[in-house]
2 protein chains.
Amino acid sequence: MTNSGSTSGIPEATVVRLPEYLRALSALSESGWTVCSSDDLAAAAGVNSAKVRKDLSHLGSYGRRGVGYDVEFLRSHISREIGMTQEWSVLIAGIGNLGHALANSAGFQARGFRTVALVDADPQRVGETVAGVVVRDQSELEACIAQHHVAIGVIATPPHVAQDMCDRMVAAGVTSILNFAPVVLTVPEGVDLRRVDLAMELQILAFHAQRRTVVA
Amino acid sequence: MTNSGSTSGIPEATVVRLPEYLRALSALSESGWTVCSSDDLAAAAGVNSAKVRKDLSHLGSYGRRGVGYDVEFLRSHISREIGMTQEWSVLIAGIGNLGHALANSAGFQARGFRTVALVDADPQRVGETVAGVVVRDQSELEACIAQHHVAIGVIATPPHVAQDMCDRMVAAGVTSILNFAPVVLTVPEGVDLRRVDLAMELQILAFHAQRRTVVA
DNA sequence: TAGATTGTTAATCGATTAACAATC
DNA sequence: TAGATTGTTAATCGATTAACAATC
């Protein structure tokens with residue numbers, strides 16, 4: 001797959017917004033909303049209402065004309081669609097500052113995900129407990145994956161070892177990988193790879209900022 | 001602006017790839033390449049060569065037909081285009097695990113960026129030194145921005161205070177904001193806002209993973 | 001019935017890709 | 001001259017948006 005493999009019939013652009021709708025619906029629910037219109041949901045998710053209706057239409061017909069969407073019903077439906085009704089076991093490779101932060105982050109401790117294994121190459125770090133999990137040596141990566149049935153592998157290692165980590169994860173059967181290392185990874189067909197690059201985000205902001213000052 | 005404001009004439013899809021080309025060219029340069037074809041650069045950046053040529057054509061005509069691109073020349077040109085020839089002052093609001101990791105990350109310490117200020121709401125954390133910078137109380141946000149001429153504000157606070165932080169940054173003159181809080185922020189016209197959401201990345205992977213298992 | 005809002009269609013827009021003339 | 005590779009054009013593809021008939 002290597003990202004954007006629209007196997008599901010649902011456009012990738014829509015898939016990427018589903019988690020946002022889920023978050024928005026949870027927020028609406030907590031604020032006491034029981035029903036909302038596409039306009040309400042659009043405002044909460046930061047998009048326009050045409051996009052909301054189009055996106056939701058890909059999941060099926062869950063609204064009522066003249067009325068809107070039942071918040072709880074829609075939320076549980078999207079939740080099931082995204083797979084948040086089951087637990088996904090996560091392994092983090094590389095427990096430096098970032099790996100440490102990820103393990104402790106709300107996103108990784110949210111319902112639906114369980115950080116079950118941490119590995120690092122630094123002997124000093126092995127044995128340490130982070131977010132309730134004992135860090136193991138990187139040589140035990142394969143054993144960790146097998147033991148915990150890891151579904152999602154997260155790479156937070158230095159860039160020069162990222163491809164090797166990735167290859168080993170794939171060989172051990174992991175088919176979903178999230179890469180934080182600033183390097184392009186290669187994965188075989190059928191493996192889903194996403195990447196988050198902090199430097200790149202700053203650079204994109206800098207590009208626009210520069211344009212503003214140059215133009216002005 | 002609120003993202004994707006194609007003021008520059010360069011398509012936003014291209015802008016997002018420029019940092020990747022820059023990284024790829026640096027890697028090629030370090031490996032001793034002096035000239036590379038669009039095919040070589042494409043391989044290093046994880047895209048196809050048609051996209052490379054099309055993207056680069058938006059910057060001008062910097063290759064030689066039959067030969068390729070001069071690695072150093074192209075690198076320095078893109079570097080200037082992105083604004084990496086100047087220093088951008090960065091402030092991070094919220095020095096929890098994530099803010100801490102960001103301040104120490106390679107991306108934030110890269111050439112072109114300088115983390116000049118850190119603020120937090122927790123009195124316990126104020127006064128602590130992180131990545132060589134002393135954490136100050138969040139009430140000093142405006143003073144920090146003015147004192148250090150902050151160009152980029154990073155929000156790594158809990159979600160419920162993120163909008164307030166954002167508003168204060170904007171009021172203090174910051175026009176580029178990177179948000180790590182899992183919430184949709186509203187900014188006025190002319191402010192460039194990007195967002196990174198860790199939970200969302202995991203959920204997108206989970207969606208595809210579930211589809212694979214359901215279909216299989 | 002009148003008002004509201006969905007689900008869908010059709011139009012528009014932008015991004016990707018293939019192909020090839022230009023030219024080193 | 002022959003081979004290689006760019007820069008650009010035109011075709012394709014997918015995503016966004018506006019508009020409105022269907023219907024609660």
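Just so you know, these numbers come straight off a predicted model, no measurement behind them. Throughout, a chain's letter reflects where its sequence line sits, starting with A, and its residues are numbered from 1.
Here the C1' atom of nucleotide C/dT8 and the CG atom of A/Leu56 are 14 Å apart, to the nearest Å. The distance from atom CG of A/Asp40 to atom C1' of C/dA4 is 12 Å, rounded to the nearest whole Å. Atom CD of B/Glu12 and atom C1' of D/dT16 are 16 Å apart (whole Å). We find that CG of A/Asp70 is positioned 15 Å from C1' of C/dT6, with the value rounded to whole Å. A/Asp39 places its CG atom 8 Å from the P atom of C/dT6, with the value rounded to the nearest Å. Between the CZ atom of A/Arg64 and the C1' atom of C/dT5 there is a distance of 12 Å, rounded to whole Å. As rounded to whole Å, 16 Å separates atom P of D/dT6 from atom NE2 of B/His58. Protein atom CG of A/Asp55 is 14 Å distant from nucleotide atom C1' of C/dT8, rounded to whole Å.
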Dot-bracket, DNA chain C: Watson-Crick or G-U, under 3.5 angstrom, [ ] crossing, | other strand? ..||||||||||||||||||||||
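Remark: A/Ser61 is in phosphate contact with C/dG7, judged by side-chain N or O atoms under 4.0 Å from OP1 or OP2. Taking 4.0 angstrom as the limit, B/Tyr62 places none of its side-chain polar atoms (N or O) nearer than this to OP1 or OP2 of D/dT5. For B/Ser38 and D/dT6, the shortest distance from a side-chain N or O to OP1 or OP2 is below 4.0 Å. Look at A/Tyr69 and you won't find any side-chain N or O under 4.0 angstrom from OP1 or OP2 of C/dA4.
A salt bridge is defined here as a Lys NZ or Arg NE, NH1 or NH2 lying under 4.0 Å from an Asp or Glu carboxylate O, and B/Asp192 with B/Arg194 fails to meet this definition. With salt bridges taken as basic N to acidic carboxylate O contacts below 4.0 Å, one links B/Arg195 and B/Asp197.
Atom CG of B/Leu25 sits about 5.0 Å away from atom CG of B/Leu74, to the nearest 0.5 Å.
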Can you give one letter per nucleotide of nucleotides 17-23 of chain D, going 5' to 3': B for a protein heavy atom under 4.0 Å from the base, S for sugar-phosphate only, - for none? BBB-BBB
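Annotation: salt bridge (Lys or Arg N to Asp or Glu O under 4.0 Å) contacts involving residues 22-44 of chain B, sequence neighbours excluded, comprise B/Glu20-B/Arg23.
Side-chain atoms of A/Glu87 and A/His149 include no donor-acceptor pair closer than 3.5 Å. Defined by atom type and a distance below 3.5 Å, a donor-acceptor pair is missing between the side-chain atoms of B/Arg80 and B/Thr85. No donor-acceptor contact under 3.5 angstrom links the side chains of A/Gln109 and A/Arg114, judged on distance only.
Under the 6.0 Å cut-off for aromatic ring centres, B/Phe73 and B/Tyr62 qualify, their centroids lying closer than that.
Distances from the side chain of B/Ser37 to the nucleotides C/dA15, C/dT8, D/dT6 place D/dT6 closest.
A donor-acceptor pair under 3.5 Å links the side-chain atoms of A/Ser105 to the main chain of A/Leu102, judged by distance alone.
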